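One structure is given here, and the rest of the page talks about it.
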There are 2 protein chains.
Amino acid sequence: MTGVLVVDDDPYLLRALRITLRAHGYDVTVAEDGRAALAAAARTTPALVILDLGLPDMDGVEVLAQLRGWSQVPVLVLSARHGSADKVQALDAGADDYITKPFGLDELLARLRALRRRSVDDAEPPLVATDAFTVDLGKRRVTRDGEDVRLTPTEWKMLEVLVRNREKLVTQQQLLSEVWGPAYAKETNYLRVYMAQLRRKLEPDAAAPRHLLTEAGIGYRFLT
Amino acid sequence: MTGVLVVDDDPYLLRALRITLRAHGYDVTVAEDGRAALAAAARTTPALVILDLGLPDMDGVEVLAQLRGWSQVPVLVLSARHGSADKVQALDAGADDYITKPFGLDELLARLRALRRRSVDDAEPPLVATDAFTVDLGKRRVTRDGEDVRLTPTEWKMLEVLVRNREKLVTQQQLLSEVWGPAYAKETNYLRVYMAQLRRKLEPDAAAPRHLLTEAGIGYRFLT
DNA sequence: GCGGATCTTGATGAATCCTTGACGCCGCCC
DNA sequence: GGGCGGCGTCAAGGATTCATCAAGATCCGC
């Protein structure tokens with residue numbers, strides 16, 4: 001099932017979209033502000049995002065920019081404004097399509113189909129393997145020596161964020177806000193505790209990690 | 001150079017688009033009917049196609065369908081009709097975007113950029129290479145002889161500022177205020193200490209640097 | 001309500017990083 | 001030649017950050 005994240009502050013539109021999209025076979029998640037949207041995107045990893053630019057807590061373009069920091073998910077931007085400056089700004093910030101309110105639902109659905117059609121090509125296999133363990137992002141499973149490794153929800157979320165950003169350095173703030181929420185951006189203790197647990201469960205030698213690396217003072221990095 | 005095929009039967013619009021797109025660095029081919037469009041697409045294999053639905057010899061949707069028989073090139077559809085049925089039809093026939101006339105040229109250009117960004121596969125990696133080492137600004141990573149180089153946060157920040165201003169001279173004040181903050185504009189010996197560390201880690205011969213150069217009395221400069 | 005799993009929290013020693021000062025070299029001007 | 005300022009190098013200290021452990025607190029299914 002195709003997951004769609006709908007971000008809008010208008011409860012009526014949200015409701016209408018949820019019903020329509022569900023009727024057309026999408027698995028819908030909703031968010032009413034930018035903060036919730038970013039959290040939901042990290043949690044549910046949708047295949048498509050519909051983003052209204054007018055949000056109560058932050059600018060839609062800012063939401064888009066932050067999302068683009070770690071995700072390539074296709075984004076369809078909604079806006080009430082017809083000005084071409086807004087369109088240009090949103091498209092250059094990383095939006096894949098732009099549609100102005102009011103719009104027809106059939107057009108919206110057609111644009112979603114067009115976006116999805118394009119993204120299936122570069123859909124990566126959600127399977128990441130190292131010489132010590134294998135992570136299946138789709139099935140939410142980790143295997144080591146052919147055996148399933150049992151991870152707690154928090155351990156899994158943390159590993160997921162790191163694996164989705166493989167090779168890349170993930171800052172402590174990024175990890176904390178995607179796993180625990182933005183309010184926990186100072187609790188770097190959590191990272192140490194859970195990183196130690198992940199290493200104990202996954203690394204051949206937890207004292208000399210080769211896949212879950214520490215970048216002192218900045219964050220962590222996952223290498224295959 | 002990015003090749004664009006523009007298909008329209010209006011000679012004035014064709015001319016305007018050709019001039020504008022060329023001015024923005026595209027390599028433009030034009031066609032005035034569907035038949036010529038398909039032939040041109042096969043011949044020039046453009047990176048983008050702009051297709052007007054109103055053509056003299058055949059229906060634009062039909063052109064699109066035939067094109068999709070063998071090519072995945074991103075197609076931006078132009079149309080004078082605002083009806084949503086046309087949009088739905090075009091998008092489901094394989095169009096990647098849809099824009100109605102009249103349209104702003106800046107919006108068209110923005111949509112082209114968005115299309116290209118998606119198709120050209122994950123954009124250009126922000127990667128800066130010298131013959132001795134490679135800096136990946138996106139992944140926050142430095143490689144030398146295939147091995148990761150371990151940099152401290154301060155070393156990285158300093159290198160980042162220099163690399164972002166590659167070829168250009170970065171003054172001591174600029175470096176100090178971007179890495180340590182404006183209050184440290186006098187602590188030029190910090191620069192000496194960290195520049196020495198960077199050279200030791202990155203330069204083949206730290207005593208005769210070829211990429212991290214000193215401009216005596218002024219600042220430093222990074223050369224590839 | 002019970003028991004087990006999971007999540008917080010605090011404390012400790014170890015490792016890493018930043019700062020600071022001292023020293024010598026080099027080029028330039030007096 | 002001597003003085004001077006800018007630069008490169010080195011090493012030690014103190015501060016910050018990290019890994020690890022263990023003891024409560026909390027959540028959840030039964």
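Chain naming here is simple, since letters A, B, ... match the order of the sequence lines and numbering starts at 1 in each. All values derive from a computational prediction rather than experimental measurement.
For B/Lys168, the NZ atom sits in a loose shell: 12 or fewer heavy atoms of surrounding residues, nucleotides or ligands are nearer than 6.0 Å. Taking a 6.0 Å sphere around CZ of A/Arg141, one finds it holds 12 or fewer heavy atoms contributed by other residues, nucleotides or ligands.
Scanning all heavy atoms of the two residues, the minimum distance from B/Phe222 to B/Leu162 falls at CB-O, 3.7 Å.
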Using the salt bridge (charged side-chain N to carboxylate O under 4.0 Å, His left out) rule, take A/Glu155 and A/Lys201 through it: C-alpha gap first, then chi angles, then the decisive distance, then the call. CA-CA 10 Å; A/Glu155 287 164 6; A/Lys201 291 184 178 181; 2.8 Å; yes

Might you work through the side-chain hydrogen bond (donor to acceptor under 3.5 Å, both in side chains) test for A/Arg192 and A/Asn189, ending with a clear yes or no? CA-CA 5 Å; A/Arg192 287 195 276 282; A/Asn189 256 3; 3.0 Å; yes

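Contact annotation for A/Thr188: no contact, since no heavy-atom pair falls under 4.0 Å across all strands.
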How does protein reach along nucleotides 2-19 of chain C, written 5' to 3' as B (base within reach of a heavy atom under 4.0 Å), S (only sugar-phosphate), or - (no contact)? ----SSBB------SSBB

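Protein atom CZ of A/Arg200 is 15 Å distant from nucleotide atom C1' of D/dC18, rounded to whole Å. Regarding B/Leu176, its CG atom lies at a distance of 11 Å from the P atom of D/dC7, rounded to whole Å. Between the P atom of D/dC7 and the CE atom of B/Met195 lies a distance of 11 Å, rounded to the nearest Å. Atom-to-atom, NZ of B/Lys186 to P of D/dG5 comes out at 16 Å; the value is rounded to the nearest Å. Rounded to an integer number of Å, the gap from CG of B/Leu198 to C1' of D/dC7 is 16 Å.
For the OP1/OP2 pair of D/dC7 and a distance below 4.0 Å, the side-chain nitrogens and oxygens of B/Gln172 include at least one atom meeting the criterion. For D/dG8, the OP1/OP2 oxygens have no side-chain nitrogen or oxygen of B/Arg192 closer than 4.0 Å. Between D/dG8 and B/Tyr220, a contact under 4.0 Å exists linking OP1 or OP2 to a side-chain N or O.
Of the charged side-chain nitrogens involved, at least one lies within less than 4.0 Å of a carboxylate oxygen, so that A/Arg111 and A/Asp97 count as a salt-bridged pair.
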